[in-house]
Amino acid sequence: MADQDEGRGLYAISVVADLLGTGQQNIRLYERRGLLTPGRTSGGTRQYSDSDLAVLRRIGELLDEGLNLAGVAKVLELEVDNARLRRQLERARARNARLLDSYPPAGQQE
DNA sequence: CTTCTGACA
DNA sequence: TGTCAGTA
């Protein structure tokens, strides 16, 4: 039923800052540096989804490990690419499995 | 809630 | 450079 968990809940920046234990200003800076792109209401208020929250947690981990914002942006980009490649690999494996199950084809004897 | 500016280690 | 406080 769920295509993808792309954020069931939406949070304001004050809630997110509370949840992460950081300042609202930092979260806005991450967005300015291209680390994430939360949704906006028609009035311009940021709306953070659950996936945005997951990204923000990653940012906190990477910063604790000593990376700067530029490094964090690079890692995040590589991680989304990696996830996309993994999904592609899984689809390819499933396709190969179907091919093997239907082998050999009927009436293919000499 | 938003943006911007400045100070700190 | 990233974080935080104050402002409009």
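Only a predicted model underlies this, so the values are computations on that prediction, with no experimental measurement involved. Chain letters run A, B, ... following the sequence lines, proteins first and then strands; every chain starts at 1.
- Residue-level contact check: A:T41 touches neither bases nor backbone, having no heavy atom under 4.0 Å from any strand.
- Heavy atoms of A:I13 sit under 4.0 angstrom from primed sugar atoms or phosphate atoms, though from no base atom.
- Taking NZ from A:K74 and CG from A:L35, the interatomic distance works out to 12.5 Å, rounded to the nearest 0.5 Å.
- Searching all strands for a Watson-Crick or G-U wobble partner of C:dA8 with both distances below 3.5 Å returns B:dT2.
- Remark: A:R33 is in phosphate contact with C:dG2, judged by side-chain N or O atoms under 4.0 Å from OP1 or OP2.
- Looking at the side chain of A:Y30, the nearest of the listed nucleotides B:dT3, B:dC4, C:dT3 is C:dT3.
- Annotation for A:R32: atom CZ does not count as buried by contact number, only 12 or fewer foreign heavy atoms lying within 6.0 Å.
- In this structure, CD of A:E31 is placed 12 Å from P of B:dC4, rounded to the nearest angstrom.
- Here B:dT2 presents its P atom at 10 Å from CD of A:Q47, a figure rounded to the nearest Å.
- Using a 4.0 Å cut-off on heavy atoms, the residues of residues 18-26 of chain A that approach DNA chain C are A:T22, A:G23, A:Q25, A:N26, listed by number.
- Minimum interatomic distance between A:T37 and A:D52 (heavy atoms only, all atoms of both residues): O-OD1, 4.5 Å.
- Protein atom CZ of A:R32 is 14 Å distant from nucleotide atom P of C:dT3, rounded to whole Å.
- With values rounded to the nearest 0.5 angstrom, A:I13 atom CD1 is found 7.5 Å from A:Q25 atom CD.
- Going from atom CD1 of A:I59 over to atom CG of A:L76 covers 5.5 Å, rounded to the nearest 0.5 Å.
- With B:dC1, C:dT3, B:dT3 as the candidates, the nucleotide lying closest to the side chain of A:T45 is B:dC1.
- Atom CG in A:D64 sits about 14 Å away from atom P in C:dG2, given to the nearest Å.
- At a threshold of 4.0 Å, the pair A:R84-A:E79 does not count as salt-bridged, since none of the basic side-chain nitrogens sits closer than that to a carboxylate oxygen.
- The side chain of A:R46 contributes no N or O atom lying less than 4.0 Å from OP1 or OP2 of B:dC1.
- The nearest whole Å value for the distance from the CG atom in A:L29 to the C1' atom in C:dA5 is 15 Å.
- To the nearest angstrom, C1' of B:dT2 lies 14 Å from CD1 of A:I27.
- By the side-chain hydrogen bond (donor to acceptor under 3.5 Å, both in side chains) test, A:R91 is found to be paired with no residue, residues two or more places apart in sequence or in another chain being considered.
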